[in-house]
Amino acid sequence: MAEPHERAARREGERLAELGRRRGFFFPSYEVYGGVAGLYTYGPHGAALKRHVEAAWRDRFTVKEDNFEIEGPTITPKAVLDASGHTDGFDDMLVTCPSCTASIRADHLIEDHTDVEDAEALPPAKAGTLITEHELACPSCGTPLADEPVESFNLMFETAIGPGDGDPGYLRPETAQSIFVEFPRLAEYARSSLPFGVTQIGTGYRNEISPRKGLIRVREFTMAELETFVDPDRNDPPLDRVADVSLRLYPIDAQRDDGTAYREESVADATDAGIIGDPWIGYYLGVARRWYDRIGVDGDRLRFRQHLPDERSHYASDCWDAEAEIDGDWIEIAGFAHRGCYDLSHHAEASGEEFTVFRPYDEPIERERATVSPDMATLGPEFGTDAPSIAAALEELAETEPGAFADETVLVSVDGARFEVPVDATGFTRETVTETGEHVMPDVIEPSFGIGRTVYTLLVHALETDVVDGEERTFLALDPSIAPTTVAIFPLMDRDGLGEQARDLAASLRSTGLEVDYDDAGNIGRRYRRQDEIGTPYCVTVDYDTLEDDTVTVRDRDTTAQERVAADELPSVIKALLAGDRSIGADG
RNA sequence: GCGUGGGUGGUCUAGCGGCUAGGACCUCAGCCUUCCAAGCUGAUGGCCCGGGUUCAAAUCCCGGCCCACGCACCA
């Protein structure tokens, strides 16, 4: 399915891993103790970059969308994940073929070859028995799997809350659940009106069997999730805001045709044509596309792929992924799921709490309602032990068929036996009640972003090489707004007072809130290259002209072009550059 | 978790039974240098971990850890 992209001979992932280690973006954790697969540390530049990506996400999905952000615990009691379906969903049963060593999902094997449904819920030992009884064989080599052990892999990190054995708990596999469980309170903060959205940026944990590909598949990772709670009947997204955003879509039918036949459609067209089934999903795809553009994901290496029905999560009805191309593979960097009322209804059922909001009617509804108030002093002596059931039957009958109470007596049946009850004894009345609204359980639309994967994508897509004066130059063309360092200040020479001037300039720029690096080591070219490799967009050099007229040069990372500006105008120049209101010319 | 191939200064590597383990780049100090990885001098720093074989192990064997690729997995 992966589209072959011809890239540099050396894999981008490899080049990036090397750059990441050498320049301090990210590297394997705990290496002095041998390392642990799937755990990475962000170095100084990586941590800054990640922080900027998170800030950009917050600005876009929390602030601009007028949502609010919370921060829940990562430790989650078992009951929560039982209710959400994760305890079952995360428990995979594997059986290993003794001949070809293939790992096979035992539950899938059983479901495919027997009448057993929902084999996932079986205990592993029972699954093993079924495999033996039905004489199931390895699907790849045909070796019988009878009596092979079925092992259970729980992909959640388990822990105990409290001393001793404690209460069972897990590190959360997604941040979403810590939002859902607090819904009753969050709805209160939203003043019980839909729609509203709650965001969270935090870590999730999955005990991956086989972590791979640098930051792509790790065991602890940062995600940024937005749960939008919408009224299923009444809330439409503000689609007009993103109507003309163009999306490269890879819907189900295109995948089935096994093509790479993408459809370039505007958000408006794609939702109108039903390619994207839900307008909220369409809306967020548009918002995400704009955000990716802004932070520097290469639009030519980005697509939105619809999940095939069999890969959808247990909670999702329609789901699209944002995928970025890296080394010819398409990597999921965000998921957009319509979770319906799955989570809220499960938590409501399991906890016994209300997970609804009250939705007032436009106009209060006057409704006639028939009620009964059976006179038990009459019914008791008359019907003995059947009296309570008769009373219940009368109540139901009043609701469904009030006309039955029109005569002197009313007939009810309880467990097949018929009883005749005098209407007088039923306390039957018709009354008018005023209903001002109803309780509704919201649907949930969830855009969920992998921050680490986004950071990785930005680095890969920014990694560039050109040739300056016959020398190969590697630079990271990161968007200036997310680059770890915004400005680097150099004295051309650390003598004749240039160093002092440059240090003063760096300090004054820092005081304006910019992230500034100062470097006086080595010749000027070397310092430019250092900054190029960590993606610093602007380098400012204090030279001998500065001593004369208080001007400095500003150099652009991507073009290496320079421009001379007055030192005291530097803050506003940088600000304008960041805002895209000016660019650096070539007049040095 | 299985299979294949790998792990030598910060990075990239040479060495593949006996070497004070070599180089390049980086880094640091000094000199030089008036805008793009220049030069000179000097310095710091290494055989993934644990067993075994051998007079002798970076080198061979076994186990572990980590990495890459393939299989499986990715709710």
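Lettering follows sequence order; numbering is per chain, from 1. The structure displayed is predicted, hence computed values, not measured ones. Just so you know, these numbers use all the heavy atoms, side chains as well, and skip hydrogens, waters and symmetry mates.
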> Nearest whole angstrom, please: distance from the C1' of B:C26 to the CD of A:Glu18.
11 Å
> Provide, to the nearest angstrom, the distance between the CG atom belonging to A:Leu16 and the P atom belonging to B:A68.
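The answer, rounded to whole Å, is 12 Å.
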> Between atom CZ in A:Arg23 and atom C1' in B:U27, what is the gap in whole Å?
10 Å
> Report the distance from atom CZ of A:Arg453 to atom P of B:C74, rounded to the nearest whole Å.
13 Å
> If you look at every strand shown and take non-hydrogen atoms under 4.0 Å, does A:Arg473 touch a base, only sugar-phosphate, or nothing?
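Since no nucleic acid heavy atom lies under 4.0 Å of A:Arg473, the category is nothing.
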> Using Watson-Crick or G-U wobble geometry with both distances below 3.5 Å, tell me the partner of B:C60, or none.
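B:G52 is the nucleotide pairing with B:C60.
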> Validate the cation-pi geometry between A:Arg305 and A:Trp330: distance from NZ or CZ to the six-membered ring centre under 6.0 Å, angle to the ring axis within 45°.
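Here A:Arg305 fails the 6.0 Å and 45° test against A:Trp330.
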> Show me the side-chain donor-acceptor pairs of residues 492-504 of chain A shorter than 3.5 Å, one per line, residues at least two apart or across chains.
unit_1: A:Asp496; atom_1: OD2; unit_2: A:Tyr544; atom_2: OH; d: 2.4
unit_1: A:Arg503; atom_1: NH1; unit_2: A:Tyr518; atom_2: OH; d: 3.2

> For atom C1', what is the distance between B:U54 and B:G18, given to the nearest Å?
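Rounded to whole Å, the distance is 12 Å.
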> A:Glu533 has a side chain; which of B:C35, B:A37, B:C69 sits nearest to it?
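Selected nucleotide (nearest to the side chain): B:A37.
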> How far, in whole Å, is B:U59 from B:G15 if one measures between their C1' atoms?
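It works out to 9 Å between them.
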> Identify which nucleotide among B:C12, B:C73, B:C67 has an atom closest to any side-chain atom of A:Arg217, counting heavy atoms from C-beta outward.
B:C73
> Are A:Arg21 and A:Phe27 in a cation-pi contact, defined as NZ or CZ under 6.0 Å from the six-membered ring centre and within 45° of the axis?
no
> Quick one: is A:Arg526 getting a side-chain N or O under 4.0 Å of the B:C35 phosphate, OP1 or OP2?
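It does not, given that no N or O in the side chain of A:Arg526 lies less than 4.0 Å from OP1 or OP2 of B:C35.
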> Got more than 12 heavy atoms from elsewhere within 6.0 Å of CD, A:Glu349?
no
> Work out how far the P atom of B:C65 is from that of B:A29, and round it to whole angstrom.
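Per the computed distance, 42 Å lies between those P atoms.
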> What are the residues of residues 539-552 of chain A, sorted by number, that bring a heavy atom to within less than 4.0 Å of RNA chain B?
A:Thr541, A:Asp543, A:Tyr544
> Of the options B:C69, B:C28, B:C74, whose atoms approach the side-chain atoms of A:Glu208 most closely?
B:C74
> Identify, residue by residue, the members of residues 218-225 of chain A with a heavy atom below 4.0 Å from RNA chain B, and return them in order of residue number, or none.
none
> OP1 or OP2 of B:C67 less than 4.0 angstrom from a side-chain nitrogen or oxygen of A:Lys213, does that happen here?
no
> Can you name the nearest heavy-atom pair linking A:Phe449 to A:Trp57, along with the distance?
CD1-NE1, 3.2 Å
> Rounded to the nearest 0.5 Å, what separation is found between the CD1 atom of A:Ile276 and the OH atom of A:Tyr284?
14.0 Å
> Please assess A:Arg473 against A:Asp466 for the test salt bridge (Lys or Arg N to Asp or Glu O under 4.0 Å), listing each intermediate value before the final yes or no.
CA-CA 5 Å; A:Arg473 182 177 77 111; A:Asp466 66 1; 3.0 Å; yes
> Restricting to non-hydrogen atoms, name the atom on A:Val460 and the atom on A:Arg301 that form the minimum distance, rounded to 0.1 Å.
CG1-NH2, 4.1 Å
> Whom does B:G9 pair with, Watson-Crick or G-U wobble, provided both distances fall under 3.5 Å?
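When the pairing criteria are applied, nothing turns out to pair with B:G9, so the answer is none.
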> Go through B:C36, B:A37, B:G1 for me and flag the one nearest to the A:Glu471 side chain.
B:A37
> Evaluate the side-chain proximity of A:Ile445 to A:Ile281: yes if any heavy-atom separation is below 4.5 Å, no if none is.
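Contact flag for A:Ile281/A:Ile445 side chains = yes.
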> Which ones in residues 484-496 of chain A lie close to RNA chain B, meaning a heavy atom under 4.0 Å from one of its atoms?
A:Leu492, A:Met493, A:Arg495
> Any pair with a residue in residues 207-223 of chain A that passes salt bridge (Lys or Arg N to Asp or Glu O under 4.0 Å), sequence neighbours left out, goes on the list, sorted by first then second residue, please.
A:Glu208-A:Arg217, A:Lys213-A:Asp329
> Do the side chain of A:Arg555 and the base of B:C35 come within less than 3.5 angstrom through a donor-acceptor pair of N or O atoms?
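Such a pair does not exist between side chain and base.
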> Would you mind telling me which residue lines up with the more 5' stretch of RNA chain B, A:Gly525 or A:Val36, judged by nearest nucleotide?
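Result of the comparison: A:Gly525.
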> With respect to the side chain of A:Asn523, which nucleotide from B:A38, B:C67, B:C74 is positioned closest?
B:A38
> Which value, in whole Å, describes the distance between the C1' atoms of nucleotides B:U44 and B:G10?
11 Å
> For the residue pair A:Phe304 and A:Tyr292, does the interplanar ring angle fall in the parallel (under 30°), tilted (30 to 60°) or perpendicular (over 60°) class?
tilted
> Can you classify the ring geometry of A:Phe157 versus A:Tyr205 as parallel (below 30°), tilted (30 to 60°) or perpendicular (above 60°)?
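Geometry flag for A:Tyr205 against A:Phe157: perpendicular rings.
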> If we take the C1' atom in both B:A43 and B:G5, what is their distance in whole Å?
38 Å
> Please determine, for B:U41, whether a Watson-Crick or G-U wobble partner exists with both distances under 3.5 Å, and give it or none.
B:A29
> Using salt bridge (charged side-chain N to carboxylate O under 4.0 Å, His left out) as the criterion, point out the one residue from A:Arg526, A:Arg527, A:Arg530 that pairs with A:Asp519.
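With A:Asp519 as partner, salt bridge (charged side-chain N to carboxylate O under 4.0 Å, His left out) holds for just one option, A:Arg530.
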> Give me the distance, rounded to whole Å, that separates B:G6 from B:G63 when you measure between the P atoms they each carry.
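The same atom, P, in both gives a distance of 15 Å.
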> Between atom CZ in A:Phe475 and atom C1' in B:A37, what is the gap in whole Å?
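So the CZ-C1' distance, A:Phe475 to B:A37, works out to 15 Å.
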> Any strand counts, and the cut-off is 3.5 Å on both contacts for Watson-Crick or G-U wobble. Which nucleotide pairs with B:G1?
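Paired with B:G1, as far as the under-3.5 Å criterion goes, is B:C71.
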> Over how many whole Å does the gap from A:Glu31 atom CD to B:G46 atom P extend?
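Going from CD in A:Glu31 over to P in B:G46 covers 16 Å.
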> Could a donor-acceptor pair under 3.5 angstrom be found where the side chain of A:Tyr33 meets the base of B:C65?
no
> Taking atom C1' in both B:U11 and B:C26, compute the distance separating them and give it to the nearest angstrom.
7 Å
> For B:C12, does either OP1 or OP2 sit under 4.0 Å from a side-chain N or O belonging to A:Arg21?
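Yes, A:Arg21 has a side-chain N/O under 4.0 Å of OP1/OP2 on B:C12.
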> Give A:Arg527 one of three labels, base, sugar-phosphate or nothing, depending on what nucleic acid heavy atoms sit under 4.0 Å from its own.
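No contact.
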> What contact category does A:Gly24 fall into here, base, sugar-phosphate, or nothing, at under 4.0 angstrom with non-hydrogen atoms?
nothing
> Check every atom of B:U11, B:C2, B:C36 against the side chain of A:Arg212 and return the nucleotide holding the closest atom.
B:C2
> Let's see if you can work this out: which of B:C67, B:C74, B:A37 has an atom nearest to the side-chain heavy atoms of A:Arg529?
B:A37
> Using whole Å, what does the distance between atom C1' of nucleotide B:C74 and atom CG of A:Leu308 come to?
15 Å
> What distance, rounded to whole Å, do you find between the two C1' atoms, one in B:A38 and one in B:C25?
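B:A38 and B:C25 have their C1' atoms separated by 15 Å.
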> Once you round it to whole Å, what is the distance between C1' of B:C67 and CG of A:Leu215?
14 Å
> Under the salt bridge (Lys or Arg N to Asp or Glu O under 4.0 Å) test, which residues partner A:Asp543, sequence neighbours left out?
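Partners of A:Asp543 by the salt bridge (Lys or Arg N to Asp or Glu O under 4.0 Å) criterion, ordered by chain and then number, come out as A:Arg564.
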> If you assign A:Ala521 and A:Ile524 each to the RNA chain B nucleotide with the nearest heavy atom, which residue ends up on the more 5' nucleotide?
A:Ala521
> Answer with yes or no whether the side chains of A:Ser178 and A:Gln200 bring together a donor and an acceptor at under 3.5 Å.
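A:Ser178 and A:Gln200 do have a side-chain donor-acceptor pair below 3.5 Å.
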> If you check every side-chain atom of A:Ser210, which of B:C71, B:C36, B:U27 has the closest atom?
B:C71
> Is the number of heavy atoms from other residues, nucleotides or ligands under 6.0 Å of A:Ile75 CD1 greater than 12?
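Check fails, neighbour count at 12 or below.
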